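Since the structure comes first, as structure tokens, the remarks are kept for the end.
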2 protein chains.
Amino acid sequence: MVKITDVARHAGVSPSTVSYALSGKRPISEETRRRIEASIRELGYRPHAGARALASSRSNVLALVVPLRSGIHVPVVMQFAVSVVTTARRYDHDVLLLTQEEGEEGLRRVADTALVDALIVMDVQLHDPRLPLLRALERPSVLIGFPAAAEGLTCVDLDFKAAGELCVQRLAGLGHRVVALVGSPPEVYVRETAFAQRVVQGFTAAADRNGMASSVHPCEATPAGARRIAEQLLRDQPALTGVVVHNEAVLEPLIDAFEQLGLRVPVDLSVTAICPDELAAGLRVPVTSVALPTAELGERAAELLMRKLDGDPDVPEATLLAPRLTERASTAPREAR
Amino acid sequence: MVKITDVARHAGVSPSTVSYALSGKRPISEETRRRIEASIRELGYRPHAGARALASSRSNVLALVVPLRSGIHVPVVMQFAVSVVTTARRYDHDVLLLTQEEGEEGLRRVADTALVDALIVMDVQLHDPRLPLLRALERPSVLIGFPAAAEGLTCVDLDFKAAGELCVQRLAGLGHRVVALVGSPPEVYVRETAFAQRVVQGFTAAADRNGMASSVHPCEATPAGARRIAEQLLRDQPALTGVVVHNEAVLEPLIDAFEQLGLRVPVDLSVTAICPDELAAGLRVPVTSVALPTAELGERAAELLMRKLDGDPDVPEATLLAPRLTERASTAPREAR
DNA sequence: GTAAACCGTCGAAGCGCTTCGACGGAGGAC
DNA sequence: GTCCTCCGTCGAAGCGCTTCGACGGTTTAC
């Protein structure tokens, strides 16, 4: 293994000079830097991560806690993860994968052993048991998602309440008077997963504000679940003309089910969704949707974390992305019926 | 931060004794160990990962390279990842997440900086450009998937060729004479992704052996793609009665499409699949399938890696899991038609 | 009874890097 | 010309841990 002293000898400088050339923490003359870089290349030098971590008390690794629990849509999680990794790499950091299963002990472990410098936590519940820990930890963290009480924590998320409102608003604008929300699977609400609750709030508030009749329906993430909901809606709410879907897995099956039951989208039924744009745009009936900007959220989370690691004193605590609705083929004025 | 010397002082022993008590690499008297453990608990001691890595030249971290390319089924990837992480934790290791995008340079980087002790690589192509690097690397690795030339590499996978054969064999046993394989998206074959190719081989070989008419159809991983294939099969192969599906994303839409086109499963058409059991079993029509044992594969990969790290000299190079077919509701004798 | 083997513990060295203080020399201020 | 400052570099200390050799004190072997 080639080490920094080898490079130093080869370049005719001291090890500390090599270190400074690498980190840029002190000025190094143009010529010396060139020589050092040449030696590094020639010898194939790679600084030892452990040694670096020990000496600098920075591991350059972030922890990412991914949820595996039932009811969450895996591809979306993966999009977050990829975005976090990609962004972290831009800042010369790597990402350690933690499963939700490891729980608080896992967070404490990687933080206390200095395995990681900072943490990103997904799938936040309104009253998440990890919050006190995250506040107490000596390492910075960012949550993707908003708990009920977010003081002292840095959080990033789509403004799901506004997203729910926006969907309803759009349907209201098109003249719809009776709307339903098809939401996440029941267990997600039982756990009080923050984003799911917020959508319900926004949905209900906007419907009330507009004097619309509204109802909320948790939905299993399976085609069978979708079909069941569709049948139930058709039976119990014959006047229904607008549906908001907040459940990636059932978006397509649900539309299929409606059509098989004789409700054409958007002629008889307007559908809006909250989900990643690619999903909404790629369906047989492209769906009018509020984008869930996974790439941007992951990127923001990682960037905020880097700023905190840099000691930036005014990193915003709350970053709520405003919802953006894209009109597609699944919505139409109610008159069109 | 509390360090090993603090623990040593508190317990009235030397730091090395604490270290040995922790690692078990030398015998420590029952009583001393107790005292040390008590001190550790009382002080809340956590060994510093970087210091440990430096002194022991072991980081206790594995790299996992996950594919993000189009055509691969994300939930399956996630299942592998979770299984690897869970198993690694059993052996007191953590997992660093690398994206395919980082490529060979990424592998080299984490290996050469000693950030990780070993690597697990997924989504192996028949002629994978990373193979020479993995062979040359000073750190052990395990592939999930088999390249064309696997000598000198440790590989784990389902025996996809046998899996393809088994599906056909089953259909043959039921009296079917004309079969089709609905496979992965075209780009997967273009890349020569190993497992996809092997299924085709097995499928074709078994069909030929049984004197069956057979055809292979790559399929986009979208419901629209599924529908297109269904229509095409119906048009071009009216005698078709058996289908093998090797494409998680289209399994359900494909069956739906067939039924909408008037082909009842399994009355008119028998369907078998190669996919995770949960998927096959959870569909509206539970599908007879060869299990893709993601949990077991991930676990095996991690375990083989741990053995290699332990210096076990006879770790098997090739681990090919025999396919296991589970009969469900999607297959019936041809006579039933 | 003596030698050999072993057990449990200690002290010191060292893993490869970063960082701090120091220092010679060049440039600027006056 | 002198003094001060700044630039570029060096040497040494030290980050927190593991590991090696050594060393008394017991056992065991014969």
Side-chain angles (χ1 to χ4, degrees), chain A residues 1-37 39-40 43-61 92 109-117 138 309 311, chain B residues 1-37 39-40 43-61 92 109 111-115 117 138 309 311:
Chain A
M1 177 193 199
V2 27
K3 34 197 177 184
I4 201 169
T5 51
D6 300 329
V7 174
R9 196 175 321 114
H10 188 272
V13 296
S14 79
S16 52
T17 303
V18 176
S19 178
Y20 286 125
L22 244 35
S23 68
K25 292 192 179 172
R26 284 199 184 174
I28 297 289
S29 72
E30 192 53 29
E31 195 232 318
T32 307
R33 194 203 327 286
R34 270 194 218 305
R35 227 161 356 107
I36 292 175
E37 279 165 4
S39 299
I40 288 179
L43 302 180
Y45 167 69
R46 299 276 200 170
H48 186 288
R52 210 167 229 216
L54 178 56
S56 66
S57 29
R58 280 301 196 83
S59 67
N60 275 33
V61 175
D92 197 29
R109 181 175 59 80
V110 296
D112 288 353
T113 60
L115 221 198
V116 306
D117 295 334
E138 68 286 20
L309 281 174
Chain B
M1 176 193 201
V2 28
K3 34 198 178 183
I4 200 169
T5 52
D6 300 329
V7 175
R9 195 173 324 113
H10 189 271
V13 296
S14 80
S16 52
T17 302
V18 176
S19 178
Y20 285 125
L22 244 34
S23 70
K25 292 191 179 171
R26 283 198 185 174
I28 297 290
S29 73
E30 191 54 28
E31 195 232 320
T32 307
R33 193 202 329 286
R34 269 193 217 306
R35 224 157 4 104
I36 291 175
E37 279 164 5
S39 299
I40 288 179
L43 301 180
Y45 168 67
R46 298 275 199 171
H48 186 287
R52 212 170 230 215
L54 178 56
S56 66
S57 29
R58 281 299 196 85
S59 67
N60 274 34
V61 175
D92 197 29
R109 180 175 60 82
D112 287 354
T113 60
L115 221 197
D117 295 334
E138 68 286 20
L309 281 174

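As the structure is a prediction and not an experimental result, all values here were calculated from the model. Each chain gets a letter, A, B and so on, in the order the sequences are listed, and its residues count up from 1.
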Should the pair A/D6-A/R9 be classified as a salt bridge under the 4.0 Å nitrogen-to-oxygen rule?
-> yes
Heavy-atom side-chain contact between B/E138 and B/D112 under 4.5 Å | yes
Given protein heavy atoms under 4.0 Å, the one-letter contact record of nucleotides 17-22 of chain C, with B base, S sugar-phosphate only and - none, is simply BBBBBB
Send over the distance from A/D112 CG to D/dG16 C1', rounded to a whole Å.
-> 15 Å
Between atom CZ of B/R52 and atom OG of B/S19, what is the distance when rounded to the nearest 0.5 Å?
-> 7.5 Å
Check the distance between C/dC10's C1' and B/R9's CZ and give it to me in whole angstrom.
-> 16 Å
Taking C-beta and beyond as the side chain, do A/I28 and A/T17 meet within less than 4.5 Å on heavy atoms?
-> yes
Atom pair distance, as rounded to whole Å: CZ in A/R58 and C1' in D/dG16 = 18 Å
Does the pair B/R34/B/E31 count as a salt bridge with the N-to-O cut at 4.0 Å?
-> no
Nearest-angstrom distance from the residue atom CG of B/L54 to P of D/dG14 | 17 Å
What residues form a salt bridge (Lys or Arg N to Asp or Glu O under 4.0 Å) with A/R58, not counting sequence neighbours?
-> none
